[in-house]
Amino acid sequence: MVDIKHLARRLVGADKNPDVHVVSSKDFLKKNSFSPKKFIVDYVLSLFPIIRWITRYNLGWLSGDLVAGLTVGMILIPQSMSYAKIAMLTPEYGLYSSFVGVMVYCFFATSKDVSIGPVAVMSLEVAQVIKHVHAAHPDNDWSNPQIATTLAFICGFIVLGIGMLRVGWIVEFISAPAVAGFMTGSAITILTGQIPGLMGIASRFDTRTSAYKVIINTLKNLKFSTKDAAFGVMGLFALLLIQFGTQWLGKRYPNRARTFFFIGTTRNAFVVLILTVAAWLYAHPRKDAKGNYPINVLKTVPRGFQHVGAPYIDPALLKALAPDLPVATIIMLLEHIAIGKSFGRLNGYKIDPNQELIAMGVTNCVGSVFNAYPATGSFSRTAVKSKSGVRTPIAGVVTGVTVIVALYGLTDAFYWIPTAGLSAVIIAAVADLIAPPSQVYNFWRVNPLECLIWWAAVLVTVFSNVENGIYTSVIASAVLLIIRVARPRGHFLGRVVIHQDDQKETREIYVPMATQHTPAGVLNPHIKVDPPVRGVVIYRPEESVLYPNSSLITGTLADHIKATTKRGKDMTNVPLRNRPWNDPGPRRGKPTLTEEDLAKPLLASVVFDFTAVSHVDTTAVQALMDMRAEIERWTDRPVTFHFCHILSPWIRRALVAGGFGIPADPSGRVHIPFEVAPIVPPSALGVERDADGYVYRDLTKNKKVEDIEEAEIGTAQVQGSPSVSSSRTDFEGSLVSTATPYFHFDLSSAVRAAEADALAANHSRRSSSLDKYDTK
């Protein structure tokens, strides 16, 4: 059995370096092993975060949750009916979604601030989906609520699956500027779509087309504004006046800022109440023979839950919804996770994205039982909830009770709410989603490319539609990430000797050679950078070396070496038939090396600084091997490759597999110096070198007996034992494994070793030349 195993290792080449120990799959499995029973128990408990804190619930938390829950409820009721209007649904469906969202979420939430329910952007997407389904399948009789409820169930199921599989990290691939651009474009689209309703001209043209078309049509039909404009414009004016007035008063009188804050948060309910009373006083006596009123009002809103039951999922409808599911799911994910993370940072806690996706998925799946349409996190209501002093997710239950009271006790009053007033509520709410100029300028300051992505997302959303806007955001983020990975920068380094201005002690650092091209503020462009010893090249890539960028990195290094060092073999007398076709050189008899080439050094060592390298794959190792062969053909002699800052054992394993880190001549290991450092006493004190290649030295063996006794007496006089972290110990050990002497811990030691190789190679070359001369 042992012979078979040995033969198999020889067949696959596993015995090339039997004394070099590298990390193995067994080590990986051992490090990541777990108890299945404990994993299952922890997983199940993690699905219900409420278990961790509900037993410590107290009256202090209850008071904060009551205030926050009631405050959000007063905002949610008029907003939910308004957003249902955007989604091409009747107002009660917004109330259904509101109730389920706030009630179910609290049992699965890891955020105390997030408020789930109908939101403007998701409502706009629901309207687009309904419009697409009816346009693509005109023969079917699917109602708008059926399409919306089915969409909520399927999107919820998808999001629930993503959370259960713990792959919520996929949302991190979409950058913050891309999300902000999409949200800004969607807010502009919603705002422009509500202006016709505000002015009473919504019936004259399609208000759900591209935003720029809605703006043009609104300006054309503005002269046809109806009496609804009186309610809409005055309502919007009142909302903005209360909002900015309370903000100004809060800053003017900081002692009463909280009072003004709560006054501002109730502006929606207050303005809708005033507009409802005004609409009843004006419209009730002016009903015509057909039962119409001079202004548009909501009219009958069904009382209570009218459509509770198992949702009917039509397979044909699922096929019709398939093209729109990616966008709807992405919107549901992005908005909620972005809001949760933002308010978690603001209030000093961290959310679990996977658990948040589970909470959102369960909410939408359960919501389909109540005929609710898709719900996700609301930025405006979350902000209000946070500022209201919410303490736990139980505040959502208080909000849910408020919605139930409205559903069963206030539906008769909803009859007289003017639709223009709801348009005013929507416009005032979505205005906060538009990124302010300061945020856009900050995007530009941080990264101009990401600012361009923001602009692309906004413009595509405004001049096309929401779907294309979200696809632009996602694709642009992915393309930028791929470009950064596939086209990384790298630097050739040189030496600078520095010291503090009040001290004479100096030290060496390594900086990019081309300091004159360094942007201002990063490095003084007038710093004198000394190149390494002749024959040494130091290169630092700024990205992991992977298959998309390995050719660029190795090609850049090879081209630089050929441009700055001379060829090792004189091709003057080499017959043309023996020269490579891609580098034939000059014609026969003419010198291949000019005076400029002769002045260049001959390469001896290459140093790779892997400070920024966290991963290396198979393609990258093969590219490094090919580059090594290409460089050694150019130099016509072996070249040593030194690596530093290899902190991942898997990078070390990959490089060893490619033949790096180990001298071509095994006997050369004893001639390569290694660095030692103080260590804690190893378990086996008599071992001078362990299986991993680490060397140990017992310094007590070199001490005199008197010194040891003095040390023992001095130690006895000190109370307590010495710290393990102390740099003074009786043992030393090699900092890195001596089995791979070309792997160094820091750049300075790597450069010193490379320079020693270069000096030895040059000395050997001169000695060889003298031997040839003596022979002649």
Side-chain angles (χ1 to χ4, degrees), residues 488-499 505-520 522-543 545 552-569 593-613 624 627-628 630-646 660 672-673 675 742-766 769:
R489 292 172 296 183
H491 299 286
F492 294 95
L493 306 182
R495 180 188 289 108
V496 174
V497 179
I498 64 173
H499 64 89
E505 183 180 354
T506 62
R507 64 186 179 94
E508 295 179 349
I509 63 172
Y510 294 88
V511 300
M513 293 288 295
T515 55
Q516 65 273 19
H517 301 301
T518 305
V522 177
L523 191 68
N524 188 340
H526 304 294
I527 289 292
K528 182 180 182 298
V529 181
D530 296 324
V533 169
R534 289 171 60 86
V536 176
V537 173
I538 310 172
Y539 184 70
R540 176 189 292 159
E542 289 191 359
E543 186 61 67
V545 188
L552 175 67
I553 292 174
T554 56
T556 300
L557 182 56
D559 293 342
H560 175 81
I561 289 172
K562 292 181 179 181
T564 57
T565 63
K566 65 182 177 182
R567 188 193 294 269
K569 185 176 183 180
L593 298 177
T594 63
E595 293 184 2
E596 182 181 356
D597 293 332
L598 292 172
K600 295 177 181 178
L602 186 62
L603 181 69
S605 295
V606 176
V607 178
F608 271 102
D609 182 0
F610 269 27
T611 302
V613 177
L624 290 172
M627 180 198 65
R628 178 177 58 188
E630 180 183 358
I631 291 174
E632 290 183 345
R633 283 195 301 269
W634 173 262
T635 59
D636 196 33
R637 68 174 182 178
V639 175
T640 58
F641 285 78
H642 296 262
F643 296 82
C644 66
H645 293 127
I646 301 177
F660 295 97
I672 300 176
E675 295 181 323
Y742 291 138
F743 293 159
H744 308 270
F745 186 78
D746 64 345
L747 183 56
S748 297
S749 59
V751 173
R752 284 196 297 269
E755 290 176 346
D757 285 346
L759 294 175
N762 293 334
H763 177 74
S764 175
R765 186 176 180 85
R766 285 195 297 269
S769 300

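Throughout, numbering of the chain's residues begins at 1 and tracks the sequence.
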- Item | R540 and L747, any side-chain heavy atoms less than 4.5 Å apart | yes
- With the side chain counted from C-beta on, respond yes when L557 and V537 share a heavy-atom pair under 4.5 Å apart, and no when they do not. yes
- Message: Looking at every heavy atom in both L493 and P512, which two are closest together, and how far apart are they?
- Response: CD2-N, 3.7 Å
- Heavy-atom pair of closest approach, residues V536 and A754: CG2-O, 3.8 Å
- Item | Under-4.0 Å salt bridge between E543 and R489 | no
- Query: Any side-chain heavy-atom pair from R495 and E508 closer than 4.5 angstrom?
  - Reply: yes
- Does the pair D746 and H645 meet the rule for a side chain to side chain donor-acceptor pair (under 3.5 Å), with working shown? CA-CA 6 Å; D746 64 345; H645 293 127; over 6 Å; no
- Task: Indicate yes or no: at least one non-hydrogen side-chain atom of E542 is less than 4.5 angstrom from one of H491.
- Result: yes
- To the nearest 0.5 Å, what is the distance between OG (S605) and OH (Y742)? 7.5 Å
- Close side-chain approach of V606 and M627, heavy atoms under 4.5 Å: no
- Query: Within a strict 4.5 Å, meaning less than it, do heavy atoms of the I498 and R507 side chains meet?
  - Reply: yes
- Would you give the length of the straight line joining atom CD1 of I631 to atom CZ of R637, rounded to the nearest 0.5 angstrom? 12.5 Å
- Could you tell me which non-hydrogen atom of C644 sits nearest to which non-hydrogen atom of A750, and how far apart they are? CB-CB, 3.9 Å
- Between CZ of R567 and CG of L603, what distance do you get to the nearest 0.5 Å? 13.5 Å
- Nearest heavy-atom contact between A604 and A758 is CB-CA, 3.5 Å
- Note on the structure: Which of F610, F641, F492 passes ring pair (Phe, Tyr, Trp, His ring centres under 6.0 Å) with Y539? Answer is F492
- Query: Do I538 and Y510 have side chains that get closer than 4.5 Å, going by heavy atoms?
  - Reply: yes
- Heavy atoms of I553 and V545 approach each other most closely as CD1-CG2, 4.1 Å
- Item | Nearest-0.5 Å distance, CG of residue D757 to CZ of residue R752 | 13.5 Å
- Query: Can you find a pair of side-chain heavy atoms, one from R628 and one from V639, that are under 4.5 Å apart?
  - Reply: no
- Task: Return the minimal non-hydrogen interatomic distance between R534 and A599, and the atom names on each side.
- Result: NH2-O, 3.1 Å
- Message: Please confirm whether the ring centroid of F643 lies under 6.0 Å from the ring centroid of F660.
- Response: yes
- Message: Taking the ring of F608 and the ring of H642, is the distance between their centroids below 6.0 Å?
- Response: no
- Task: Could you walk me through whether V496 and K528 pass side-chain contact (heavy atoms from CB on, under 4.5 Å), step by step?
- Result: CA-CA 7 Å; V496 174; K528 182 180 182 298; over 6 Å; no
- Query: Is the backbone N or O of K562 less than 3.5 Å from a side-chain atom of K600, with the two atoms forming a donor-acceptor pair by type?
  - Reply: no
